Amino acid sequence: MEPLDQLLTIVGKIVLWGGGLSLVVYQVFKRLASRWLDAKFDKRLQDLKHQHGKEIEQLRFKISALLDRTTKLHQREFEVLPEAWSKLNDGYWEVRVLVASVQSDPDINGMPEPLQEEFISTCELSEWQKAEVREAEDKNKRYQKYIVWHYLGKAEDKIRDTHICLRKNGIFLSDDIRAKFAEIDDLIWKVFRDHRMNVEHELERPERKLIDQFLRDDGDKLMKELEQLVHDRIWPTHDAVLDLPSITPSQDTSELKR
């Protein structure tokens, strides 16, 4: 503002010394000063608009990137959730049937010989195991001794498949759902290991405390809790989908335009 201050000093002196000429000079100065201030203001306003435009563009880019990332994450989550839920159910029911206290095994001893041979030849046992079943006096007992290991293998494959799926894709799940999946997965593994130990040692009084609790209460309870979490995540409520502020008739529409 130095040039303006100097000019004001000169004009002030002319006004003191110049009489009528001072009025002319004052009017000229007033007009020039007004234009100069307007030009300065317009330049400053343009600079501010340019700066605000850059900031708005940067903010728009950040919001767009965030929305794009969020959309991709949600899409991946909705792909993972049904797969993880399906695999967990497969493993859960495989183990639940495996550890049930009452098993439904075929009565080979009571079959006619042709039916015995047909059943043994088409069952899942290996050839040497089939041969031992044919030769055994108690075919039921020998069959059950071997077939249980095939059931154990199938169940282990199912729950391992679930475990790998959760380890690979758990990062795409929300914390509460991931924690519930992990809790059930851990329980299934513990129940499976207890049952396998009982089979390996052929105990007369096998340890079944955890197994029976799993069958009676814990298993179904945890699965229902997880089912609700998954359902709520896939099918959100109307309020969660459309969480928009309400507009009353008395609200100033000029504020909305701004």
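Being a predicted model, the structure only gives us computed values, none of them experimental.
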Handout entry: SB check Asp175 Arg178 (cutoff 4.0 Å)
Key = yes

Practice task
Using the rule that two of Ile, Leu, Val, Met, Phe, Trp, Tyr join whenever any of their side-chain heavy atoms come within less than 4.5 Å, decide whether Val133 and Leu115 are in one cluster.
Solution key: yes

Handout entry: Connected via hydrophobic side-chain network under 4.5 Å: Trp93 and Ile188
Key = yes

Practice task
Verify the cluster assignment for Val80 and Ile164: are they in a single hydrophobic cluster under the rule of side-chain heavy atoms below 4.5 Å apart?
Solution key: no

Practice task
Find out whether Lys154 and Asp157 are in side-chain contact, i.e. whether some heavy atom of one side chain is under 4.5 Å from a heavy atom of the other.
Solution key: no

Handout entry: Check: Ile211 and His195 side chains under 4.5 Å, non-hydrogen atoms
Key = yes

Practice task
Measure from the side-chain N and O atoms of Glu77 to the backbone N and O of Ile234, and report whether any donor-acceptor pair falls under 3.5 Å.
Solution key: no

Problem - Residue pair Val191 / Asp218, side-chain heavy-atom distance below 4.5 Å - result: no

Handout entry: Sub-4.5 Å side-chain heavy-atom contact between Glu207 and Met197
Key = no

Problem - Pairing residues for Asp220 by the side chain to side chain donor-acceptor pair (under 3.5 Å) criterion, not counting sequence neighbours - result: Tyr92

Handout entry: Heavy-atom closest contact (Arg96 atom, Phe214 atom, distance)
Key = NH1-O, 3.8 Å

Run the side-chain donor-acceptor check on residues 83-91: report pairs under 3.5 Å with partners two or more places apart or on a different chain.
| unit_1 | atom_1 | unit_2 | atom_2 | d |
| --- | --- | --- | --- | --- |
| Lys87 | NZ | Asp161 | OD2 | 2.8 |
| Asn89 | ND2 | Trp85 | O | 2.9 |

Exercise for the section: Could you tell me whether the side chains of Gln144 and Asn140 share a donor-acceptor contact shorter than 3.5 Å? Expected result: no

Fill in the blank from the handout: Residues passing the side-chain contact (heavy atoms from CB on, under 4.5 Å) test with His150, sequence neighbours excluded, are Glu124, Leu125, Gln129, Ile147

Handout entry: Salt bridge Glu127-Lys130, side-chain N to carboxylate O under 4.0 Å
Key = yes

Problem - Partner residues of Asp217 under the side chain to side chain donor-acceptor pair (under 3.5 Å) criterion, sequence neighbours left out - result: none

Handout entry: Nearest atoms (heavy-atom pairs only) where Ala100 meets Leu215
Key = CA-CD1, 4.1 Å

Practice task
Please check if the side chain of Asn109 supplies one atom and the backbone of Asp138 the other of a donor-acceptor pair under 3.5 Å.
Solution key: no

Handout entry: Straight-line distance of Glu202 CD to Lys145 NZ, nearest 0.5 Å
Key = 6.0 Å

Fill in the blank from the handout: Between Lys168 and Ile171, the two heavy atoms sitting closest are O-CG1, 4.5 Å

Practice task
For the residue pair Trp235 and His231, categorise the inter-ring angle as parallel (less than 30°), tilted (30 to 60°) or perpendicular (more than 60°).
Solution key: tilted

Practice task
For the residue pair Tyr151 and Glu156, establish whether any side-chain heavy-atom pair is separated by less than 4.5 Å.
Solution key: no

Fill in the blank from the handout: Here the gap from Ser126 atom OG to Trp149 atom CH2, rounded to the nearest 0.5 Å, amounts to 14.0 Å

Practice task
Please check if atom CD in Glu200 has more than 12 non-hydrogen atoms from other residues, nucleotides or ligands closer than 6.0 Å.
Solution key: yes

Problem - By side chain to side chain donor-acceptor pair (under 3.5 Å) - contacts of Glu117 (at least two apart) - result: Arg134

Problem - Lys190: side-chain contact (heavy atoms from CB on, under 4.5 Å) partners, not counting sequence neighbours - result: Asp186, Arg193, Leu210

Problem - Heavy-atom side-chain contact between Trp189 and Arg160 under 4.5 Å - result: yes

Problem - Arg76 (side chain) donor-acceptor with Asn169 (main chain) under 3.5 angstrom - result: no

Practice task
Go through the steps for Gln228 and Asp232 under the test side-chain contact (heavy atoms from CB on, under 4.5 Å), then give the verdict.
Solution key: CA-CA 6 Å; Gln228 188 62 53; Asp232 291 346; 2.9 Å; yes

Practice task
State, yes or no, whether a side-chain contact exists between Glu183 and Leu187 at a heavy-atom distance under 4.5 Å.
Solution key: no

Problem - Non-hydrogen side-chain atoms of Phe192 and Leu98 separated by less than 4.5 Å - result: yes

Handout entry: Within 6.0 angstrom of Gln103 CD, more than 12 heavy atoms from elsewhere
Key = yes

Practice task
Go through the steps for Lys180 and Ile184 under the test side-chain contact (heavy atoms from CB on, under 4.5 Å), then give the verdict.
Solution key: CA-CA 6 Å; Lys180 187 62 67 176; Ile184 298 173; 4.3 Å; yes

